[in-house]
Amino acid sequence: MEAEANSGSPEDSWAFIQRPGEGCRTVPLAGHVGFDSLPDQLVNKSVSQGFCFNILCVGETGLGKSTLMDTLFNTKFEGEPATHTQPGVQLRSNTYDLQESNVGLKLTIVSTVGFGDQINKEDSYKPIMEFIDAQFEAYLQEELKIRRVLHTYHDSRIHACLYFIAPTGHSLKSLDLVTMKKLDSKVNIIPIIAKSDAISKSELTKFKIKITSELVSNGVQIYQFPTDDESVAEINGTMNAHLPFAVIGSTEELKIGNKMMKARQYPWGTVQVENEAHCDFVKLREMLIRINMEDLREQTHSRHYELYRRCKLEEMGFKDTDPDSKPFSLQETYEAKRNEFLGELQKKEEEMRQMFVQRVKEKEAELKEAEKELHEKFDRLKKLHQDEKKKLEDKKKSLDDEVNAFKQRKTAAELLQSQGSQAGGSQTLKRDKEKKKTRAEKSISDETYTTPGKHPMVPCAL
């Protein structure tokens, strides 16, 4: 039979191999072995590594989210008070290292700053969903690494969402219903009525019934405390009937009787935080921290994170079985996705190449058209230049003719002027001679008249 099995295909040979866990038998032990110490080993290892717990507080500004966290963990967490002027919803995350006895807890508190403060509250839930998905994605990426360090990785996935409901006494707001409906598949929602001392006890009872009815009618899945464990089934079943918890937070301690207790002082009396007749704070602390903290962590990993992981892997093409309901090999899935990716890549490369060729042709046509326009423009400019040049040459010729004519006229004028100046000079000499002669004759005549002993000559009339 082994020869036949070995001679067949690898798929057929699997039929002769017994799978782990099949045909398991129970056998008695002849004596003590020691593996009954495994729970102690697990506890010691867990205590040495420490634990982490992440709480998301969702609610409108001013409902006492920070005060309740301080009251729950009996400390004062540092934080800036939020204002009502935020333009949008912002998530503020703070991580603290707490130590109780020999158990360490890395606590992360995420608060929604500005939730419900905007006029348009339509998209107020989106930043919260994106934050939760981002923590799931970070853990998934760590899981998919070749070298994983999950034992030292800080798990930031949200384990519990405390949804703070305003104590209106009437019904849930549409913002509350929409937000819880969007978040119920991503996180463990525990609804609580904040500042429950603002309404009377009868109004509070009716308000709880109204909230439960609206959650059921709108299909909102809130976290139910587990009842499959016999040790906590009774108390968890009882506490499920008390949801939503009506809580009060206070870090102020007042002396009541002979004890110092956390309480809120009012003119009409005192409200004790840890008095179950006054509020459900003790119930919330018991269910959230002391009994079901590990179940909240387990539900986050096995339910909400697995849902996110499955959806992401299905988007990537991974499946558990093929169309024939046979187990799907990761290697086969990888090869199929790789071939599909290469085919799509080749198709896109061909499309891009064709698009590139088309764009090159279009660009060449545009360049040819532009070149043609440039040649036409060059021809027009060349012709215009020639016309302008011809006009300038004609104008230059006419100007040269005018200059030559002007020079000729100038030469003629200078010639006439020189001739006139020569004629005027000879006449001037003649006149000068006549003037000299006249002056000489005159001087002689004067001498004749003035000589002594002689009679002056009387000129005769001519």
Validation row: [X], [Y] side chains within 4.5 angstrom (heavy atoms):
{"X": "Val247", "Y": "Ile193", "value": "no"}
{"X": "Tyr308", "Y": "Ile132", "value": "no"}
{"X": "Leu215", "Y": "Ile222", "value": "yes"}
{"X": "Leu162", "Y": "Leu56", "value": "no"}
{"X": "Leu381", "Y": "Lys377", "value": "yes"}
{"X": "Ser111", "Y": "Leu91", "value": "no"}
{"X": "Leu367", "Y": "Glu371", "value": "no"}
{"X": "Leu68", "Y": "Phe281", "value": "yes"}

Checking the side chain of [X] only, and the main-chain atoms of [Y] only, is there a donor and an acceptor separated by less than 3.5 Å?
{"X": "Thr71", "Y": "Ser250", "value": "yes"}
{"X": "Asn292", "Y": "Met287", "value": "yes"}
{"X": "Thr108", "Y": "Asn94", "value": "no"}
{"X": "Ser93", "Y": "Val110", "value": "no"}
{"X": "His278", "Y": "Gln272", "value": "yes"}
{"X": "Ser37", "Y": "Gly34", "value": "yes"}
{"X": "Lys210", "Y": "Thr205", "value": "no"}
{"X": "Lys121", "Y": "Gln118", "value": "yes"}
{"X": "Gln299", "Y": "Asn188", "value": "no"}
{"X": "Thr212", "Y": "Pro244", "value": "no"}

| query | Would Asp155 and Tyr139 satisfy side chain to side chain donor-acceptor pair (under 3.5 Å), going step by step from the backbone distance to the final call? | reply | CA-CA 7 Å; Asp155 186 5; Tyr139 193 87; 5.4 Å; no

Can you name the closest pair of heavy atoms from [X] and [Y] and give their distance?
{"X": "Glu143", "Y": "Tyr305", "value": "OE1-OH, 2.5 Å"}
{"X": "Ala194", "Y": "Phe164", "value": "CB-CD2, 3.7 Å"}
{"X": "Gly249", "Y": "Val273", "value": "C-CG2, 4.4 Å"}
{"X": "Val58", "Y": "Cys161", "value": "CG2-SG, 3.8 Å"}
{"X": "Ala263", "Y": "Thr270", "value": "CB-CG2, 3.5 Å"}
{"X": "Leu63", "Y": "Pro167", "value": "CD2-CD, 4.3 Å"}

Once you round to the nearest 0.5 Å, how far does [atom1] of [X] lie from [atom2] of [Y]?
{"X": "Leu288", "Y": "Met239", "atom1": "CG", "atom2": "CE", "value": "13.5 Å"}
{"X": "Lys145", "Y": "Leu140", "atom1": "NZ", "atom2": "CG", "value": "11.5 Å"}
{"X": "Lys395", "Y": "Asp400", "atom1": "NZ", "atom2": "CG", "value": "13.0 Å"}

Tell me whether the count of non-hydrogen atoms from other residues, nucleotides or ligands lying under 6.0 Å of [atom1] in [X] goes above 12.
{"X": "Lys182", "atom1": "NZ", "result": "no"}
{"X": "Glu376", "atom1": "CD", "result": "yes"}
{"X": "Glu234", "atom1": "CD", "result": "no"}
{"X": "Glu362", "atom1": "CD", "result": "yes"}
{"X": "Glu351", "atom1": "CD", "result": "yes"}
{"X": "Met260", "atom1": "CE", "result": "yes"}

[X] and [Y]: side chain donor to acceptor below 3.5 Å:
{"X": "Gln346", "Y": "Glu350", "value": "no"}
{"X": "Asn54", "Y": "Lys106", "value": "no"}
{"X": "Thr227", "Y": "Asn236", "value": "no"}
{"X": "Gln141", "Y": "Glu137", "value": "yes"}
{"X": "Glu203", "Y": "Ser200", "value": "yes"}

Determine the interplanar angle of the [X] and [Y] rings, folded into 0 to 90°, and report it as parallel if under 30°, tilted if 30 to 60°, perpendicular if over 60°.
{"X": "Phe225", "Y": "Tyr223", "value": "perpendicular"}
{"X": "Tyr266", "Y": "Trp268", "value": "parallel"}
{"X": "Tyr96", "Y": "Phe77", "value": "tilted"}

| query | Going through the distances and angles, do Arg297 and Glu294 end up as a salt bridge (charged side-chain N to carboxylate O under 4.0 Å, His left out)? | reply | CA-CA 5 Å; Arg297 286 158 42 92; Glu294 181 57 31; 3.0 Å; yes

What I want to find out is whether [X] reaches [Y] closely enough, with some N-O distance under 4.0 Å, to be called a salt bridge.
{"X": "Lys372", "Y": "Glu369", "value": "no"}
{"X": "Glu306", "Y": "Arg309", "value": "yes"}
{"X": "Glu252", "Y": "Arg264", "value": "no"}
{"X": "Asp133", "Y": "Lys126", "value": "no"}

| task | Kindly write out the residues that satisfy salt bridge (charged side-chain N to carboxylate O under 4.0 Å, His left out) with Glu340, not counting sequence neighbours, or none if the list is empty. | result | Lys337

| message | I'd like to know whether Ser124 forms a side chain to side chain contact (heavy atoms under 4.5 Å, CB included) with Leu175, so could you lay out the CA-CA distance, the side-chain angles of the two residues, the decisive distance to 0.1 Å, and finally the verdict. | response | CA-CA 8 Å; Ser124 295; Leu175 174 63; 3.9 Å; yes

| task | Before giving the answer on side chain to side chain contact (heavy atoms under 4.5 Å, CB included), spell out for Val187 and Thr300 the whole-Å C-alpha distance, their side-chain angles and the decisive distance to 0.1 Å. | result | CA-CA 7 Å; Val187 70; Thr300 299; 6.0 Å; no

| task | Find out whether the Lys NZ or Arg CZ of Arg157 is both under 6.0 angstrom from the six-membered ring centre of Phe136 and within 45° of the ring's axis. | result | no

| task | Carefully, step by step, assess Leu183 and Ile128 under the rule side chain to side chain contact (heavy atoms under 4.5 Å, CB included). | result | CA-CA 8 Å; Leu183 298 180; Ile128 305 174; 3.9 Å; yes

| Does Glu298 have any side-chain contact (heavy atoms from CB on, under 4.5 Å) partners at least two apart in sequence or in another chain, and if so, which? |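 Scan of Glu298 (side-chain contact (heavy atoms from CB on, under 4.5 Å), adjacent residues dropped) gives Ser302.
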
| Do you know which of Val282, Ile289, Leu284 makes side-chain contact (heavy atoms from CB on, under 4.5 Å) with Glu286? |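 Exactly one option meets the side-chain contact (heavy atoms from CB on, under 4.5 Å) with Glu286, and it is Val282.
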
| query | Between Phe53 and Phe51, is the gap from one ring center to the other below 6.0 Å? | reply | no

| Validation row, ring centre Phe115 to ring centre Tyr125 under 6.0 Å |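 Between Phe115 and Tyr125, the centre distance exceeds or equals 6.0 Å.
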
| field | Worked verdict on Asp280 versus Lys208 for side chain to side chain contact (heavy atoms under 4.5 Å, CB included) | value | CA-CA 12 Å; Asp280 297 332; Lys208 282 189 175 185; 2.6 Å; yes

